[in-house]
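To start, the structure under review is shown below, and the notes come after it.
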Number of protein chains: 2
Amino acid sequence: MDEIDYRILSKLEENARTTVSEMSRAIAMSQPAVTERLRKLEENGVITGYHAKLSPEKLGKHTTAFVLFKTNRCKDFEAFGETSPEIVDLYRTSGEYNYLLKVVTETSESLARFLESINAFGFSSTLIVLTTKFEDKSLADGMEPSASAKPSQRILRGL
Amino acid sequence: MDEIDYRILSKLEENARTTVSEMSRAIAMSQPAVTERLRKLEENGVITGYHAKLSPEKLGKHTTAFVLFKTNRCKDFEAFGETSPEIVDLYRTSGEYNYLLKVVTETSESLARFLESINAFGFSSTLIVLTTKFEDKSLADGMEPSASAKPSQRILRGL
DNA sequence: TGTGAAACTGCATCGTC
DNA sequence: GACGATGCAGTTTCACA
């Protein structure tokens, strides 16, 4: 994990469809060398996937909310979460509530129906998203090989 | 926005580096036709970007938290948020708190330092993420052209 | 909108250092 | 680890329906 790796990661965070040749030009390194580095970054699990980001609005989903949730039926609730298309993110958390959900629905009415459906499992507290200032800020940008790359050497060997 | 568009979107949500030829094979449609649909989905803002997803752990970032935040210095706080590498997501929300932050840091100590730094702007309540059950569930999957594609016709014309 | 054909570009793979 | 060469795969562009 040197500076070149961070530059590759940064490029792909910004645009996952960047071609290997484009990166090899930007980096001034041969195409096979970039391909090989990329292969290792994927193999080592540094890159976990490449995903298109869609506009919920353009898909008719106008309401986003975060739901703090408290339940003692964790297994049941997690199984429900897996199958619920409204829940896009699900986190186990510390604190008074034990789950945090990001929920994306068509309207505030469909959010209300969703909240009623989870009331069967426990108690919820809902924060409606008014505006998203930003999302998914780069993790690779501003990473210095000297600072956090040395620990990652250990990590990449599976420790 | 017909069923073919949803299949394209679904493929790219799952793997943003899927080639046009792969999609054209899966869909049984010519390559230029898929390219043209893709161009329009991007132009209309249905697809907002393609991003590599990185493992915070593998980059030495072992602590993730959601922070509920209350401030009356909104402009100042948002400007701070833009420049803060720890804040990966920033939402304006309804409720007692007016912001929700997703924060990714190296350790719980660096999280503590971060929380001290934002105390200058207002009050926070922190939920530490113990485990991420899932993130970024598909928005396009299970979308029926009959249901939400008709509204999106209006949306795509800019209404 | 969609198609097929052709020119162009990018990628995988190899042997070499 | 990185490089250059090469053959195959993917993309772009076009005339046409």
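Below, chains carry the letters A, B, ... as their sequence lines are ordered, and counting in each starts from 1.
Applying the ring-ring contact (aromatic ring centres under 6.0 Å, His included) criterion to A:Y97, with sequence neighbours excluded, gives no partner residue. Looking at residues two or more places apart in sequence or on another chain, you find no side-chain hydrogen bond (donor to acceptor under 3.5 Å, both in side chains) involving B:N98. A search for side chain to side chain contact (heavy atoms under 4.5 Å, CB included) contacts involving A:N119 returns A:S124, not counting sequence neighbours. Judged as a salt bridge (Lys or Arg N to Asp or Glu O under 4.0 Å), and not counting sequence neighbours, A:R113 has no contacts. With sequence neighbours left out, the ring-ring contact (aromatic ring centres under 6.0 Å, His included) criterion links B:F114 to no other residue.
Non-hydrogen atoms lying under 4.0 Å from DNA chain C are contributed by nothing in residues 11-26 of chain B. Residues from residues 30-42 of chain B lying near DNA chain C, meaning a heavy-atom separation below 4.0 Å, are B:S30, B:P32, B:A33, B:R37, B:K40 in numerical order.
Within the 3.5 Å criterion, the main-chain N or O of A:E13 finds a donor-acceptor partner in the side chain of B:H51. Within the 3.5 Å criterion, the main-chain N or O of A:N44 finds a donor-acceptor partner in the side chain of B:K58. Remark: the backbone N or O of B:C74 is not paired with any side-chain donor or acceptor of B:T71 at under 3.5 angstrom.
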Find every protein N or O atom lying less than 3.5 Å from an N or O atom of nucleotides 15-17 of chain D, and list the pairs.
none

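Counting heavy atoms of neighbouring residues, nucleotides and ligands inside a 6.0 Å radius, atom NZ of B:K53 exceeds 12 of them.
Applying the salt bridge (Lys or Arg N to Asp or Glu O under 4.0 Å) test to residues at least two apart or on different chains, the pairs with a partner in residues 71-86 of chain B are A:K133-B:E78, B:R73-B:D76. Counting only residues at least two apart or in different chains, salt bridge (Lys or Arg N to Asp or Glu O under 4.0 Å) contacts with residues 39-50 of chain A comprise A:E36-A:R39, A:E36-A:K40, A:R39-A:E43.
In this structure, A:N44 places its CG atom 11 Å from P of D:dG1, rounding to the nearest Å. Taking atom CD1 of A:I27 as the reference point, atom P of D:dA2 lies 10 Å away to the nearest angstrom.
Axis angle, first five pairs versus last five pairs of the helix from C:dT1-D:dA17 to C:dC17-D:dG1: 30°, rounded to 10°.
The cationic group of B:R92 lies under 6.0 Å from the six-membered ring centre of B:Y99 and within 45° of the ring axis, placing it in a cation-pi geometry.
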Taking distance alone, no hydrogens or angles, what donor-acceptor pairs closer than 3.5 Å link side-chain atoms of residues 24-35 of chain A to residues at least two apart or in another chain?
residue: A:S24; atom: OG; partner: A:S21; partner atom: O; Å: 2.8
residue: A:S30; atom: OG; partner: A:A33; partner atom: N; Å: 3.4
residue: A:T35; atom: OG1; partner: A:Q31; partner atom: O; Å: 2.9

